Each structure stands twice: as structure tokens, then as C-alpha cells.
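Below: one structure, written as C-alpha cells.
Since we're looking at a predicted model, the values are computed, not measured.
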Amino acid sequence: MRKYIAGVLTAGVLFCALRWADLALWTDRETGLVTAGPVWARYLVLAVLAGLALLAGYRSAGPAGEVSRPRTRKAALALSVPAFAAGALYLAQGVLDLLGAAGVPDLARGVLEVLCALWLECLGQHWLLAGLRSQRRASAPPPALLGVLGSLVFVWDVLASFMTNGSSWHRTIPTAAVWQALAALLLLAAVLRAVCLPGAASPRSLCRCGLLAWMLCFAWQAPRCALLPAGPGDWGMAVLGLLGGVCALLCASPEPLRRGSHAAG
């Protein structure tokens with residue numbers, strides 16, 4: 001079933017190219033408004049691919065052990081590199097927000113971004129050490145409380161979007177930002193459960209959330225970062241999508257599973 005997951009990841013790459021063309025040719029870069037074609041076509045394609053990601057994760061999940069504690073250096077590097085990169089980007093964004101804070105909301109968001117960065121760096125360190133110590137003693141998982149606090153920045157983003165975003169549906173970037181924050185939150189929650197509570201980890205949930213983050217946080221976000229003004233946090237969202245793709249691929253079953261042979265989630 002890893003080939004099935006790889007096919008979904010490839011569909012995400014094609015969607016990324018399509019989104020690139022949409023932003024480059026049929027979107028006003030100053031206002032973010034769609035200039036050609038129905039805006040609902042964009043959301044329909046995104047919804048179809050998100051549904052495909054959820055279905056693939058439900059049907060193709062195998063053990064989540066490689067994400068809980070990588071047993072090979074290759075898997076450890078595949079997980080730790082995007083975690084370190086996303087952590088560095090969110091740390092940079094948090095520092096920028098703290099330095100330019102104009103009030104308590106900006107200060108709160110900056111603090112939450114720093115906590116998110118610390119959690120991602122702890123995850124990267126845990127995965128890297130687990131791969132290096134694959135034949136020796138296991139490394140202790142990072143503190144779960146830090147994972148909870150580090151995920152709150154995406155809850156904050158969702159709430160802030162509902163309170164401050166009065167944009168039109170024709171501005172696809174701020175509208176989809178709410179869904180991206182939710183996808184990132186679901187991914188980090190699934191990773192937290194896999195790393196800190198490996199016995200209770202749901203491979204289906206982790207695979208679904210990883211593929212959903214791949215579609216929303218990477219395929220939708222990367223063209224926006226490349227073509228429009230973007231800060232470190234915007235790039236951090238795209239890297240989180242990469243991490244989601246890696247998690248989905250690592251917890252995919254190498255071959256078709258029989259009914260009842262894997263955990264429900």
C-alpha cells in the first residue's frame with residue numbers, strides 16, 4: 001500500500017504545480033483576488049484531494065512504529081530534517097512577532113510560535129537520536145506538555161481568523177489559511193500521540209493527518225510562498241506539510257492489509 005500513498009503524494013505535487021499556475025496567471029498578486037474562472041473550482045479541487053488523502057490514510061495505514069521511534073537512520077533523517085527546519089522557521093517568526101509586537105495579541109502569538117519551535121526541535125532531536133541509537137537504548141520522548149503548548153499557535157490562528165478576517169471567498173489565500181491551521185493542528189496532535197503515547201497511537205489517524213497536511217500545508221502553501229510575499233512562518237507551514245508526507249509514508253503498510261489486521265483510528 002506504500003505505492004498507493006506514494007501515488008497520493010504525487011497527486012499533491014501535481015496539485016502544487018496547478019496551484020502555482022493559478023497564482024501566477026489567474027490571481028491578482030496585490031489583492032489576492034481571483035481574476036479568472038470560478039473561485040469554487042479551486043475549493044472543489046482542494047476538497048477532492050483532501051478527501052482522497054483522508055481515504056488513502058484510512059485504507060493504507062500500517063504500524064506507526066517508524067514515527068514513534070525510527071529504527072533506521074534513513075527514517076530518522078527523513079523525519080528530523082523537516083522538523084528541525086520547521087522549528088527554525090517558526091522560531092524566526094516568533095522572534096520577529098515579539099520584536100514588532102503592537103499589543104498583547106501579537107505578544108501571545110509570538111510566544112506560542114516560540115513554543116511551537118521548541119516542540120519541533122525536540123521532535124527532531126528525538127527522531128535523530130532514536131535513529132542513531134537504533135541498536136542501543138531507546139531515547140526518552142520529548143515532554144508531552146510542550147507538545148500541547150507548541151500546538152496552541154494553530155488554535156490561536158483559527159480563532160484569530162474568525163475574529164479578524166472579513167475577506168471575500170474570492171481571496172483564496174486567507175480563506176484557506178483556516179483549513180491549513182486545522183490540518184497542521186491535527187498533524188501535530190497525531191504526532192504527539194505517536195511519540196509520547198506509542199501504545200495508544202492510531203496509524204490510520206497519523207496517516208490521514210499526514211496526507212491532509214501534505215495537501216493543505218505543502219501543496220497549497222508552497223506556491224504562495226514562492227510567488228507572493230511570505231514570512232518565515234509561511235514557509236514553516238509548507239515544511240510542516242513535508243513532515244506530514246514523510247509521516248504518512250513511514251506509517252503506510254508495505255503491502256495490502258487484510259480486514260481487521262490493523263488498528264482502528
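Without hydrogens or angle criteria, Q221 side chain to M237 main chain gives no donor-acceptor distance under 3.5 Å. R224 contributes no side-chain N or O that, together with a main-chain N or O of D234, makes up a donor-acceptor pair within less than 3.5 Å. A donor-acceptor pair under 3.5 Å is absent between the side-chain atoms of D22 and the main chain of L18, judged by distance alone. Side chain of W214 to main chain of L9: a donor-acceptor pair is present (N/O by atom type, distance under 3.5 Å, no hydrogens or angles). Within the 3.5 Å criterion, the main-chain N or O of R69 finds no donor-acceptor partner in the side chain of H126. Remark: the backbone N or O of W26 is paired with a side-chain donor or acceptor of T35 at under 3.5 angstrom. For the pair D97 (side chain) and G94 (backbone), a donor-acceptor distance under 3.5 Å is absent.
Follow the hydrophobic side-chain contacts under 4.5 Å out from L146 and you reach L188 in the same cluster. L89 is not connected to V81 by any chain of hydrophobic side-chain contacts under 4.5 Å among Ile, Leu, Val, Met, Phe, Trp and Tyr, and they are in different clusters. L228 is not connected to L46 by any chain of hydrophobic side-chain contacts under 4.5 Å among Ile, Leu, Val, Met, Phe, Trp and Tyr, and they are in different clusters. One hydrophobic cluster, built from ILVMFWY side chains closer than 4.5 Å, cannot hold both L14 and L52; they sit in different ones. Clustering ILVMFWY residues whenever any of their side-chain heavy atoms sit less than 4.5 angstrom apart, transitively, puts Y90 in a cluster other than the one holding W235.
Remark: the S68 side chain and the R193 side chain contain no N/O donor-acceptor pair separated by less than 3.5 Å.
Separation of atoms CG (L118) and CG (L91) is listed at 7.0 Å; rounding is to 0.5 Å. Note that CH2 of W220 and CG of L23 are 7.5 Å apart. Values are rounded to the nearest 0.5 Å. Interatomic distance, CH2 of W20 versus CG of L227, reported as 5.0 Å (0.5 Å rounding). Here the CG atom belonging to L212 is positioned 11.5 Å from the SG atom belonging to C207, to the nearest 0.5 angstrom. Between atom CZ of residue F218 and atom CG of residue L211 there is a gap of 13.5 Å, rounded to the nearest 0.5 Å. If you take CD on Q93 and CG on L112, they are separated by 13.0 Å, rounding to the nearest 0.5 Å.
Between S151 and C116 there is no side-chain heavy-atom pair separated by less than 4.5 Å. At a threshold of 4.5 Å between non-hydrogen side-chain atoms, the residues V114 and L98 count as touching. Using a 4.5 Å cut-off on side-chain heavy atoms (C-beta onward), W127 and V195 make contact. Using a 4.5 Å cut-off on side-chain heavy atoms (C-beta onward), V39 and R171 make no contact. In this structure the side chain of V153 never reaches within 4.5 angstrom of the side chain of L115, judged on heavy atoms. Within the 4.5 Å cutoff, the side chain of V111 has no heavy atoms near those of the L107 side chain. Annotation: side chain of W119 is in contact with side chain of L123 (closest heavy-atom distance under 4.5 Å). A 4.5 Å side-chain heavy-atom check between L216 and L49 finds every atom pair outside the cut-off.
Heavy-atom minimum distance, A6 versus L249: N-CD1, 4.5 Å. Residues G87 and A117 share a closest heavy-atom pair of O-CB, 3.1 Å. For the residue pair V191 and C247, the shortest heavy atom distance occurs at CG2-SG, 4.1 Å. In plain terms, the two heavy atoms of Q125 and F84 that are nearest each other are N-CZ, 3.3 Å. Taking all atoms of both residues into account, the shortest heavy-atom contact from C217 to A184 is SG-N, 4.0 Å. Across every non-hydrogen atom of A213 and L187, the tightest pair is CB-CD2, 3.8 Å.
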Stepwise side chain to side chain contact (heavy atoms under 4.5 Å, CB included) check, V8 with L55:
CA-CA 10 Å; V8 176; L55 179 62; over 6 Å; no

Set out, in order, the CA-CA distance, both residues' side-chain angles and the distance that settles side chain to side chain contact (heavy atoms under 4.5 Å, CB included) for R204 and L54, then state yes or no.
CA-CA 9 Å; R204 284 181 177 178; L54 294 174; over 6 Å; no

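For the ring-ring contact (aromatic ring centres under 6.0 Å, His included) test, residues two or more places apart in sequence or in another chain that qualify with W40 are Y43, W169.
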